[in-house]
Protein chains: 2
Amino acid sequence: MPRAASSSDVFNAVAEPRRRDILVYLALRERPVGDVVAWLGVAQPSVSKHLKVLRHVGLVHVRREGRQMFYRTNVEAIRPLHEWTKTFEHFWRHQLARVKERAEGNP
Amino acid sequence: MPRAASSSDVFNAVAEPRRRDILVYLALRERPVGDVVAWLGVAQPSVSKHLKVLRHVGLVHVRREGRQMFYRTNVEAIRPLHEWTKTFEHFWRHQLARVKERAEGNP
DNA sequence: AGATTATATTCCCATTACGGAATATGATGC
DNA sequence: GCATCATATTCCGTAATGGGAATATAATCT
């Protein structure tokens, strides 16, 4: 079985560094594709493809205005990722505490 | 340019659902490979390969004991992921607040 | 040393990925 | 209608994927 498609879920979608950059950029406010292209410094077709993936998994919203497409990060869609990582927060607190204890010579 | 290797960074490594399962399973305590195989219900070579990827990006630690290899999730390595998602926490609070305001008819 | 157990590696395959270049669609303006 | 601007899609090539099967390594036991 080959690797899952980037467009299959949020985890695969954010595996791409550029897509993470785009999400950060579009979190502040909606922007037309051209702005993303200028800011990222990559070819327009490439940006359009990344945006397509992000749209597929619901990580961005789109709105058309004339010939421009305004994209905006759907921050809610990032929550599942955040929740998943949060399940470990608990553990690393404990792990840190243990390391600290040992460093201080407390049993 | 082809897709980045799963072993290139933490984001790519956790894009695989089974690897996420493994990380959760090994967060509680260290376990030999055989336990992971039994628990996941997938072939042993497959598990070994996933563990190799996780090891490469530092998401698990290994310890040999006789012929067994005990793996444990390195929860610290998940923090970068957590931190990245946290940059959006702020935004979805605002977004939720706005949605709520509108629902309640408050300007 | 030979057999057995635990894990890792290799090989093959179908599938997907991303980037680049070219082309297509879609909206606006003359 | 035609040209132009903004964005999307298609085609190509290289590279990596994860599963399965077979094989290799490494440690233990008799």
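What you see is a predicted model; the values in this text were computed from it and never measured. By convention in this document, chain letters (A, B, ...) are assigned in the order of the sequence lines, proteins followed by strands, and residues within each chain are numbered from 1. We use all heavy atoms of the structure for the numbers below, so side chains are in, but hydrogens, waters and symmetry mates are not.
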Need to verify one output field. Residue with the more 5' nearest nucleotide on DNA chain C, V62(B) or V42(A)? V62(B)

Under a 4.5 Å cut-off applied to non-hydrogen side-chain atoms, are T73(B) and L59(B) in contact? no

Restricting to side chain to side chain contact (heavy atoms under 4.5 Å, CB included), what partner residues turn up for E30(B), sequence neighbours left out? R63(B), F70(B), R72(B)

When the nearest nucleotide of DNA chain C is assigned to L51(B) and to A43(A) on a heavy-atom basis, which residue is associated with the more 5' position? L51(B)

Let me know the distance between NZ of K52(B) and C1' of dT7(C), rounded to the nearest Å. 12 Å

Within a strict 4.5 Å, meaning less than it, do heavy atoms of the I78(B) and T85(A) side chains meet? yes

Give the intermediate values and the outcome of salt bridge (charged side-chain N to carboxylate O under 4.0 Å, His left out) for residues R79(B) and E76(B). CA-CA 5 Å; R79(B) 286 191 88 154; E76(B) 270 298 311; 3.5 Å; yes

Qualifying residues under ring-ring contact (aromatic ring centres under 6.0 Å, His included), relative to H61(B), sequence neighbours excluded: none

Roughly, in whole Å, what's the span from CD in Q68(A) to P in dA8(D)? 11 Å

Going by heavy atoms closer than 4.0 Å, what residues in residues 15-32 of chain B are next to DNA chain D? E16(B), R18(B), R19(B)

Using 30° and 60° as the class limits, which term best fits the ring planes of F91(B) and F88(B): parallel, tilted or perpendicular? tilted

Measuring from atom CD of E83(A) to atom CG of L81(A), what distance do you get when rounded to the nearest 0.5 angstrom? 10.0 Å

Is any side-chain N or O of Y71(A) closer than 4.0 Å to OP1 or OP2 of dA8(D)? yes

Let me know the distance between CZ of F70(A) and P of dT7(D), rounded to the nearest Å. 8 Å

What protein N or O atoms touch nucleotides 12-15 of chain C N or O atoms at under 3.5 angstrom, if any, and at what distances?
none

Would one find a side-chain N or O of S46(B) under 4.0 angstrom from OP1 or OP2 of dG18(D)? no

Euclidean distance, H82(A) NE2 relative to T87(B) OG1, rounded to 0.5 Å: 10.0 Å

Using only heavy-atom distances, determine whether the side chains of R18(A) and H50(A) contain a donor-acceptor pair under 3.5 Å. no

Distance check needed: dG18(D) P versus N12(A) CG, whole Å only. 9 Å

Could you check which of dG20(C), dA8(D), dG18(D) has an atom nearest any side-chain atom of M69(A)? dA8(D)

Contacts under 3.5 Å, N or O only, protein and nucleotides 21-30 of chain C:
none

Picking from dG19(C), dT9(C), dA8(D), which would you name as closest to the side chain of S48(B)? dT9(C)

Determine, for Y71(A) and R31(A), whether the Lys NZ or Arg CZ falls below 6.0 Å from the six-membered ring centre while staying within 45 degrees of the axis. no

Whole Å only: how far is the CZ atom of R55(A) from the P atom of dT9(D)? 6 Å

What pairs of residues pass the side-chain hydrogen bond (donor to acceptor under 3.5 Å, both in side chains) test when at least one of them lies in residues 32-46 of chain A, not counting sequence neighbours? Q44(A)-S48(A)

